[in-house]
Q: 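Could you have a look at this structure, given as structure tokens, before my questions?
All heavy atoms count here, side chains included; hydrogens, waters and symmetry mates do not.
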Amino acid sequence: MKRAEVLEILNHRTEIYNRPDFIATDPIQIPRRFQKKEDIEIAAFLSAVIAWGQRKTIINNANKLMDWMDEAPHDFICSFSEADLKPFTAFVHRTFNGDDCLAFLNALQRIYRTEGGLETALRKAFRTEREIPGSGWNHFKSDFFSGPHLPRTRKHLPDPLKGSAAKRMNMFLRWMVRKDTAGVDFGLWTSFKPAELYI
């Protein structure tokens, strides 16, 4: 297939899906509820992590997470205690279970308390991306799982150096980085340029 043909197909798909009326049936509606940068990125990250299966189920389960966070994900992540985590122990989305959920919440708390948040942590991890494509997520994954977690939980973040396509996390990065005139993606992370993302 010629480059021009591929471009035509991609542009056609963009016209179909990159429209505000698509938001109502897509997981991006979850972070779209928020105004604060940190709320948006946490909601987007968790929604992307569980974004496989039926969209309706993804949205329902992401809504459940936001509800348990009192619709204030950043405040919750920064201040939760062990007692606040009780509802999350019963969370299930396909193979992502309560143990996985707790590990992700604890990792996010550490990242927001000690590393300045997701953008800072990912920016740091992606410094090697130009030299070794795919290594950004590998570095982030190592950092993210530096705290206590079950080995099975690691499968919920990609490892492109081992062949993962990282589709859900690429979607998350697109939401955060891409400047979108159609009003779908957020383009909040100004420390990244779309051309830097080689996954």
Q: Quick one: are Tyr112 and Thr120 in side-chain contact, heavy atoms under 4.5 Å?
A: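 Not touching, per the 4.5 Å side-chain cut-off.
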
Q: With a 4.5 Å cut-off on side-chain heavy-atom distances among I, L, V, M, F, W and Y, is there a chain of contacts connecting Leu102 to Val92?
A: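 In one cluster with Leu102: Val92, no.
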
Q: Which word best sums up how the rings of Phe140 and Trp137 line up, parallel for under 30°, tilted for 30 to 60°, or perpendicular for over 60°?
A: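 Judged by the thresholds at 30° and 60°, the geometry between Phe140 and Trp137 is perpendicular.
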
Q: Working note: Asp39 + His74, criterion side chain to side chain donor-acceptor pair (under 3.5 Å); need CA distance, chi angles, decisive distance, verdict.
A: CA-CA 5 Å; Asp39 285 338; His74 181 237; 5.2 Å; no

Q: With rounding to the nearest 0.5 angstrom, report the CG to CG distance, Leu118 to Leu188.
A: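 These two atoms lie 12.0 Å from each other.
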
Q: Identify the heavy atoms of Asn170 and Ala165 that sit nearest to each other, and give their distance.
A: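 Scanning both residues, the minimum pair turns out to be ND2-O, 3.3 Å.
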
Q: Walk me through whether Leu157 and Phe145 qualify under side-chain contact (heavy atoms from CB on, under 4.5 Å).
A: CA-CA 10 Å; Leu157 283 182; Phe145 289 123; 3.7 Å; yes

Q: Could you tell me whether Phe34 and Phe186 have their ring centroids closer than 6.0 angstrom?
A: no

Q: Give me each pair satisfying salt bridge (Lys or Arg N to Asp or Glu O under 4.0 Å) with a member in residues 62-80, each pair once, sequence neighbours excluded.
A: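 Checked against salt bridge (Lys or Arg N to Asp or Glu O under 4.0 Å) - neighbours excluded - the pairs reaching residues 62-80 are Arg33-Glu71, Lys36-Asp75.
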
Q: Surrounding NZ of Lys167 (heavy atoms of other residues, nucleotides or ligands, distance under 6.0 Å), is the total greater than 12?
A: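 No, because the 6.0 Å sphere around NZ of Lys167 holds 12 heavy atoms or fewer from other groups.
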
Q: Please find out if less than 6.0 Å separates the ring center of Phe104 from that of Phe96.
A: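 Judged by ring-centre distance (under 6.0 Å), Phe104 and Phe96 do meet the cut-off.
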
Q: What pairs meet the salt bridge (Lys or Arg N to Asp or Glu O under 4.0 Å) rule with one or both residues in residues 97-114, with sequence neighbours excluded?
A: Asp100-Arg152, Arg110-Glu115, Arg110-Asp143

Q: Aromatic ring centroids of Phe172 and Trp175 under 6.0 Å?
A: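 When the ring centroids of Phe172 and Trp175 are compared, they turn out to be at least 6.0 Å apart.
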
Q: Is it true that Trp68 and Phe76 have ring centroids separated by less than 6.0 Å?
A: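 No.
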
Q: Just list the side-chain donor-acceptor pairs under 3.5 Å for residues 82-91, sequence neighbours left out, or say none.
A:
residue	atom	partner	partner atom	Å
Asp84	OD2	Ser81	N	2.8
Asp84	OD2	Ser81	OG	3.1
Thr89	OG1	Lys86	O	2.7

Q: Does the pair Asp185 and Lys179 meet the rule for a side-chain contact (heavy atoms from CB on, under 4.5 Å), with working shown?
A: CA-CA 7 Å; Asp185 298 322; Lys179 306 292 186 192; over 6 Å; no

Q: Would you please test Trp189 and Glu41 for side chain to side chain donor-acceptor pair (under 3.5 Å) and show each step?
A: CA-CA 9 Å; Trp189 286 5; Glu41 62 196 19; 2.8 Å; yes

Q: Could you tell me which non-hydrogen atom of Ala43 sits nearest to which non-hydrogen atom of Ser47, and how far apart they are?
A: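 Scanning both residues completely, I find the closest heavy atoms to be O-OG, 2.7 Å.
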
Q: Hey, is CD on Glu5 packed in by over 12 heavy atoms from elsewhere, all under 6.0 Å?
A: yes

Q: For the residue pair Arg168 and Ala51, what are the closest heavy atoms and their distance?
A: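 Where Arg168 meets Ala51 most closely, the heavy atoms are CD-O, 3.2 Å.
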
